[in-house]
Amino acid sequence: MDEILNAFTRALSFGTPLLLASLGAIVNERAGVVNLGVEGMMAVGALAGFAVAYGSGAGDGNLALAILAAMAAGTLASMIHAFVTITLRANQFVSGLALSMLGLGVAGLLGKRFEGLPLFNQPPELPFTLGAIGLALGLALLLDATHLGLVLRSVGENPAAADALGINVLGVRYAAVGFGGAMAGLAGAFLSLVYRPSWTDGMTAGLGWIAVALVIFVGWSPFRAIFGSIFFGLLYYLQFRLQGQSGVPTEVFASLPYLLVILVLALSGLRGQQGNAPESLGKPYQRGER
Amino acid sequence: MRWLVVVLALVWGLALAQEKKLKACFIYIGPVGDIGWTFAHNEARLATEKAIPGLETKYVESVKPSDTGAVVDRLVSEGCNVIFTTSFDFMDATLEAAKKYPDVIFAHASGFKRAPNMATYMADFYQVYYLNGLMAGALTKTGKVGYVGAFPIPELKRHISAFALGVRAANPKATVNVKWINAWFDPTKAREAAEALIAEGNDILAFTEDTATVVQTAAKKKIPSFSHYNSMYKFAPDYVVSGQIVHWEKIYIDFLKKVQNGTYTNKNLQNVDYWWLLREGAVELGAQVGMPINPKYESALKQATMTVNGKKVSVYDRVMELLKDMSSPNPKFDPFTGPIKDRNGVLRIPAGKKASVAELTSMQWVAPGVVGQVADEPK
């Protein structure tokens with residue numbers, strides 16, 4: 001029993017940054033904008049959060065302020081993507097990849113002086129985990145049962161029709177991308193303030209990419225994202241827990257999450273549906289174009 | 001007109017002098033802020049720069065082994081005449097680069113391949129790991145000591161084995177349980193591997209990985225740990241018992257001074273292999289420079305006893321005695337003194353013999369007490 005409880009705790013702990021980042025990505029993708037820059041925004045958020053929490057030294061900064069700073073930094077980074085893809089209508093995938101590299105690079109460069117410093121003023125994990133789950137439930141409700149959710153979804157499904165109804169398509173998309181950035185930044189802050197807690201260049205270690213994959217894995221549903229992230233967290237933990245307990249090589253466990261994503265994608269492809277992907281996902285919108 | 005010639009000659013002369021200047025360049029596998037391996041090399045680079053007047057240094061961090069060649073090309077074109085490649089993974093690429101640039105001096109850390117212009121060097125921890133093992137064996141209550149390992153290569157097998165020999169010397173029934181993360185730098189994996197070890201009942205943690213994650217994770221669960229590579233005392237002052245600290249600068253300063261005075265050239269490095277230990281001061285026992293054992297654990301270690309040659313001694317005294325011996329010019333003790341069998345019962349070091357450096361650097365077997373999958377282990 002203890003063992004199960006412990007595994008579940010670990011799954012929640014590792015799943016929290018995944019859930020936060022993927023909720024943000026779900027929102028901006030439901031509005032029709034793919035942002036592959038999650039990893040970069042996460043790194044920027046992690047650094048901003050750590051820098052503020054570290055304050056004048058030995059972790060005496062304000063934690064609430066640190067979390068806000070992380071979200072603001074993530075939003076700021078996402079605005080680059082928003083401007084390039086929504087206003088300038090550039091390719092979303094290319095811009096997202098660029099943002100990912102830019103974010104990692106900028107955070108690495110600006111973060112030099114914070115490397116290797118301990119943080120004693122650590123927030124507890126649980127509020128983040130509960131907050132993330134609460135947010136997922138709230139978003140599920142918002143997307144499916146409110147006018148705002150309808151607006152967001154219509155912008156992602158059929159922006160021309162939404163535009164005809166008088167919805168500000170570009171404005172909604174900007175807001176959605178900004179929300180995605182804020183969530184990625186928050187996920188980063190969780191890593192650097194709670195999970196680690198310290199700052200090192202490259203500390204996001206690919207979590208942003210798992211979050212991007214998770215969005216497809218859960219079919220753009222915030223509700224299913226809760227279980228998806230816990231599932232990934234469980235697999236991640238079990239690769240170490242089961243190591244040496246069976247004859248299965250450790251590499252098999254390490255690659256399981258990724259194999260599963262490929263499997264899910266293949267299955268949804270076989271069923272002849274592109275998952276539940278929003279109709280206009282990845283397509284820039286220009287009024288009057290068909 | 002004549003003054004112009006003089007000026008040109010002066011400038012040319014200056015340029016030549018500039019070229020002759022010693023420029024040592026370092027290629028790192030990780031980021032300099034990893035608080036582990038790369039951080040230690042970088043601290044040593046800074047110390048070396050201070051110790052040798054006129055020395056210029058440069059580094060490139062987070063280099064993938066596959067990019068080594070390209071990075072060397074760049075450094076050579078920037079005038080580096082000594083290049084240190086500081087990871088085992090750079091071994092073959094360094095050898096290739098040494099053939100490509102016969103005028104440049106290369107030195108590769110932790111490997112075993114050399115060339116006329118390529119030396120090898122290592123500040124090795126196996127003695128220190130043995131001492132940490134003694135303390136871990138004395139402090140564990142469950143008899144299970146956890147170990148987070150990066151990759152199952154000879155270096156780690158040697159260290160984990162030395163650690164396990166120490167653990168068993170103080171506590172003959174204890175085990176060292178190993179989890180591999182297959183990465184030098186991955187704080188998330190290190191965290192979850194440490195969590196898994198704690199869940200399995202290990203009440204002391206040690207590790208080989210390039211961040212302070214294991215120390216931090218253990219402290220959160222109020223479990224003692226041993227830090228690795230640098231001073232990690234500050235991350236958990238109540239829970240870090242001791243650890244391994246490296247002083248690469250001892251090797252860098254010695255090597256570069258010998259390059260400077262012409263002892264080492266690009267023709268005579270074939271047999272230059274630094275294997276520096278406690279005796280040379282290249283490594284140190286402790287969680288922080290100058291603190292071999294955290295004072296918080298002194299009394300527990302003084303109370304714990306072990307049997308040495310039929311006599312009962314306190315673990316604290318044993319650690320201090322061996323530390324003094326191995327730091328002396330002619331150490332009598334070596335952790336890998338036979339008879340030592342591997343964990344499958346095969347005799348690896350005959351009675352009365354010490355393992356040679358070559359045996360230690362190519363070690364594939366692991367000592368009794370080590371539990372867990374170990375790749376490339378001879379049966």
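On a predicted model such as this, the values are computed, not experimentally measured, just so you know. So that the names make sense, note that chain A is the first sequence line, chain B the second, and so on, each numbered from 1.
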Q: Which atoms of B/Q216 are under 4.5 Å from chain A, going by heavy atoms: the side chain, the backbone, both sets, or neither?
A: side chain
Q: Quick check on the interface: out of B/T188, B/T217, B/T213, who has the most heavy-atom pairs with chain A under 4.5 Å?
A: B/T188
Q: If I take atom OG1 from residue A/T9 and atom CD from residue B/E195, how far apart are they, to the nearest 0.5 angstrom?
A: 9.0 Å
Q: Side chain, backbone, both or neither: which part of B/K189 has an atom under 4.5 Å from a heavy atom of chain A?
A: both
Q: Answer with side chain, backbone, both or neither: which region of A/D201 has an atom nearer than 4.5 Å to a non-hydrogen atom of chain B?
A: both
Q: Which bit of A/S13 comes within less than 4.5 Å of chain B, counting heavy atoms only: side chain, backbone, both or neither?
A: side chain
Q: If I compare all heavy atoms of B/W180 with all of A/F240, which pair ends up nearest, and what's the gap?
A: O-CE2, 3.7 Å
Q: Hey, is B/E200 close enough to A/R241 for a salt bridge, meaning N to O under 4.0 Å?
A: yes
Q: Where do A/Y195 and B/K220 come nearest, in terms of heavy atoms and distance?
A: O-NZ, 4.3 Å
Q: Around atom CG of A/D2, are there more than 12 heavy atoms from other residues, nucleotides or ligands closer than 6.0 Å?
A: no
Q: Where on B/I181 is there a heavy atom nearer than 4.5 Å to chain A: the side chain, the backbone, both, or neither?
A: both
Q: Quick check: closest heavy atoms across B/E61 and A/K112, and the distance to 0.1 Å?
A: OE2-NZ, 2.9 Å
Q: Please check this pair: side chain of A/R196 against backbone of B/P187, looking for a donor-acceptor N/O pair closer than 3.5 Å.
A: no
Q: If you count heavy-atom pairs under 4.5 Å with chain B, which of A/W199, A/F114, A/Y236 comes out on top?
A: A/Y236
Q: Please classify the contact of B/F39 with chain A as side chain, backbone, both or neither, using a heavy-atom distance under 4.5 Å.
A: neither
Q: How far apart are the closest heavy atoms of A/Y237 and B/A196, and which atoms are they?
A: OH-CA, 3.6 Å
Q: For B/V371, is it the side chain, the backbone, both, or neither that has a heavy atom closer than 4.5 Å to a heavy atom of chain A?
A: neither
Q: Looking at A/G202, A/G206, A/P197, A/A205, which has the largest count of heavy-atom pairs under 4.5 Å with chain B?
A: A/P197
Q: Check whether A/L117 gets within reach of chain B through its side chain, its backbone, both or neither, counting any heavy atom under 4.5 Å.
A: backbone
Q: Return yes if some donor-acceptor pair links the side-chain N/O of B/K179 with the main-chain N/O of A/Q243 below 3.5 Å, else return no.
A: yes
Q: Is it true that, when you exclude A/F8 itself, more than 12 heavy atoms of the residues, nucleotides or ligands shown sit nearer than 6.0 Å to its CZ?
A: no
